[in-house]
Structure formats: structure tokens, C-alpha cells
Amino acid sequence: ESIHLRQGDFVIFKDDLNSNINERLEQLNTIRNSIADNFKGFFLCYQPIVDSKTTKLTGVEALIRWKNDTYGLVPPNNFIPILEKDSSFSQLGDWILKTAMSDMQPLLLDYPDLEVNINLSYTQLEKNDFVENIEKIISQTNFPKKNLCLEITERCRLLDTDLLRNFTEVLSKQNIKFALDDFGTGFSSFNVLKNIKIDIIKIDRDFVKNILTSKSDKIIVNSISKLCKEFEFDLCIEGIETPEIMDFLRKIYVTNFQGYLFSKPLTKEEFYKKYSV
Ligand code: C2E
Ligand code: MG
Ligand code: MG
Ligand code: MG
């Protein structure tokens, strides 16, 4: 059975005019109940991240899914933005961290340098016990900190800069890495670069999918690449679907690729089947 998302697979949380407040509340209620019911229907998929030169596995990104009888398979863009503002999200955020770390831990025997990327929502960071909380989860799962990479998005700019700087500093000292996700899609990216400790920049598929024909995408991606080289950041380009795009991007500074060309997000079982040696 395929877990991959197709357009039209979902009906929930669509930003259309037909879904009224009552429907939305019902949807939010269903998802809250699933969280309360031992995270029923939630699971993580894992998408490989590869070395840009060798295309060998270097890392993996955990991506959440929710499957529900009424709504079917719901992609994260349709529930994370709504749920993250809800108080129930902090439990789900902890569950994501715990599950990703314990799922991927055994694979470190085969891939000791594997980087496990986990997306954070700004509402998780907003909590003043975030550092203690993540340290607690890490000690529970016994996951090696050097294998952990936390992805933050530009929406985190809504947070206090001092707060951002503070926790990235504290956790970086413990060898946890930070990736800035969806770079260039929001505002004030440069501020973030100046103020917080970043190891990796990720470029969104939006800048990549038309890169062979779009002059502006070429200019943008080229500029981000130069910036990363100067700052000595790793650069991961996402959404690579064709060999032509890969070859084109190999001409600029880039350290890692992620995209359907290498693999779609896989269930834990599929991931193990494909990658454990
Ligand atoms: P993201 O963190 O930028 O994740 C990359 C998205 O691009 C994923 O979508 C992935 O499946 C998709 N993708 C990767 N390669 C390709 C490709 O070659 N072609 C195409 N068409 N798509 C590709 P997904 O899994 O639907 O996730 C969407 C967003 O939802 C994520 O974007 C992230 O912002 C958020 N998200 C996903 N899981 C989590 C989570 O556990 N926690 C939080 N806070 N957010 C999450
Ligand atoms: Mg991400
Ligand atoms: Mg991304
Ligand atoms: Mg994205």
C-alpha cells in the first residue's frame, strides 16, 4: 500500500471558502482526539539526504503524516500550521522528536555519521523549557547529539532573537546542528544568519523546480550558494526530481541533495529495507 501523497488525497484544513468555522473546529477536534488517543494515525516518514557528489546517504529528514478514517491521509502542510498554534502541539512535537530518534538510532550502527533532521515548529521553541525538554528527550532515547540536526524555518523569526540565539548557542555547544529550512521564502533571512548559529541552509523546491528555464531562480540559487560558501555553511538543495537539474546544480557550491530523484519519503520499514546493510 502506498503512503505517498497525491493531489486531492485530502480534504482537511483546506483554506477554501466552503469550509466554515464549525467544520474547522470539528477537524481540529478530531486531530486533538487522535493526539490524546496515543497519537493514533500519526506516523513519520523518512526521506534520504545524499552527498551531492557521490549521491551516497548522509542523512535523513523525518516528515510527519496523519491518517484518519474521515479525512484520509493528510499531509503536514494541511495540519501543522493550524495545529502548531494549539496547545496540543507540544505533545505532538515531543512525540516527533522521540519517535524520530528511536526509529533511526539502530541505523547509526551502519551509518555512524548519519544526520537525522527533525523539523521544529516555532511554537515548540517559544516555550521557555525548550532546551531542558529536548535534553530530556535525548537522554531518554540515548540518541547521540552529534547525529541530530534541528530544522528551523524562517517563521521562527517571529520569535525573540535573544531566545533564538540563546538556545542555538546552548545546543550547538553540545554538537547539535541547526539547519535553516526553506531559506529565502520568508523575510529577513539575513538577520537570522547574523544572529544565530546555523550549520546548514536548505533551499526549497520552489526555487529549484524551474531552475533550468528560469533566470531569476538561477540568480537566486546561485546567490544563496555563494553566500553559503562564504559563511562555510553546508547547503542542501531540496526537491531534485531530474538528473538534468542535479547536473546543473552540481556546477555550483552545494553539499547535499534531497528529492524524489533519490527517493521519496519512506516509511520506517521501507527505509530500513532499502538502507540497512
Ligand atoms: P520541509 O521541511 O521543507 O520538507 C520538505 C518537503 O518537500 C516534504 O514535504 C517532502 O516530501 C517534499 N519533497 C522532497 N523532495 C521532493 C521532490 O523532489 N519533489 C516534491 N514535489 N516534493 C519533495 P511534506 O512531507 O509534505 O512536508 C511539508 C512541510 O511540512 C515540511 O516542509 C515542513 O515544513 C512541515 N513538516 C513536515 N513534517 C514536520 C514535522 O514533523 N514537524 C514540523 N514542525 N513540521 C513538519
Ligand atoms: Mg524540513
Ligand atoms: Mg525544506
Ligand atoms: Mg519546504
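Atoms within a ligand are numbered from 1 in the order they appear, just like the ligands themselves.
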Plane angle bin for Tyr111 and Tyr275 - parallel if under 30°, tilted between 30 and 60°, otherwise perpendicular: perpendicular

Test of proximity, Asp204 against ligand 1: N or O pairs below 3.5 Å: no

Exercise: identify the closest heavy-atom pair between Leu125 and Leu163: O-CD2, 3.4 Å

Exercise: do Thr30 and Asn68 side chains pair donor with acceptor under 3.5 Å: no

Under-4.0 Å heavy-atom contact with ligand 1, by part of Glu84 that carries it: neither

N/O/S atom name from Glu238 that is nearest to the position of the Mg ion (ligand 3): OE1

Aromatic ring pairing Trp95/Phe39, orientation class (parallel under 30°, perpendicular over 60°, tilted between): parallel

Parallel, tilted or perpendicular: rings of Phe257 and Phe262 (30°, 60°): parallel

Atoms of ligand 1, numbered as shown, that sit under 4.0 Å from any heavy atom of Gln47: 10 (C), 14 (C), 15 (N)

Side-chain donor-acceptor contact under 3.5 Å, Glu135 with Gln174: yes

For Asp182, the ligand 1 atoms whose distance to one of its heavy atoms is below 4.0 Å: 3 (O)

Glu61 heavy atom under 4.0 Å from ligand 1: yes

Heavy-atom pair of closest approach, residues Leu120 and Ile152: CD1-CG2, 4.2 Å

Ligand 1 contact by Pro265, heavy-atom criterion under 4.0 angstrom: yes

Which of the ligand 1 atoms, numbered from 1, are nearer than 4.0 Å to a heavy atom of Asp181: 1 (P), 2 (O), 3 (O)

Six-ring centre of Tyr260, Lys264 cation under 6.0 angstrom, axis tolerance 45°: yes

Subset of ligand 1 atoms that lie under 4.0 Å from at least one heavy atom of Pro76: 24 (P), 25 (O), 26 (O), 27 (O), 28 (C), 30 (O), 36 (N), 37 (C)

Subset of ligand 1 atoms that lie under 4.0 Å from at least one heavy atom of Gly259: 15 (N), 18 (O)

Interfacing atoms of ligand 1 (cut-off 4.0 Å, heavy-atom, Glu241): 17 (C), 18 (O), 19 (N), 20 (C), 21 (N)

Contact with ligand 1 for Arg65, non-hydrogen, under 4.0 angstrom: yes

At the Mg ion (ligand 2): angle between Asp181 atom OD2 and Asn119 atom OD1, to 10 degrees: 90°

OE2 (Glu61) - the Mg ion (ligand 2) - OE1 (Glu151) angle, nearest 10°: 90°

Structural part of Ile96 in contact with ligand 1, heavy atom criterion under 4.0 angstrom: side chain

Smallest separation among heavy atoms of Gln105 and Asn142, with atom names: NE2-O, 3.2 Å

Side-chain (Thr123) to main-chain (Glu84) donor-acceptor, under 3.5 angstrom: yes

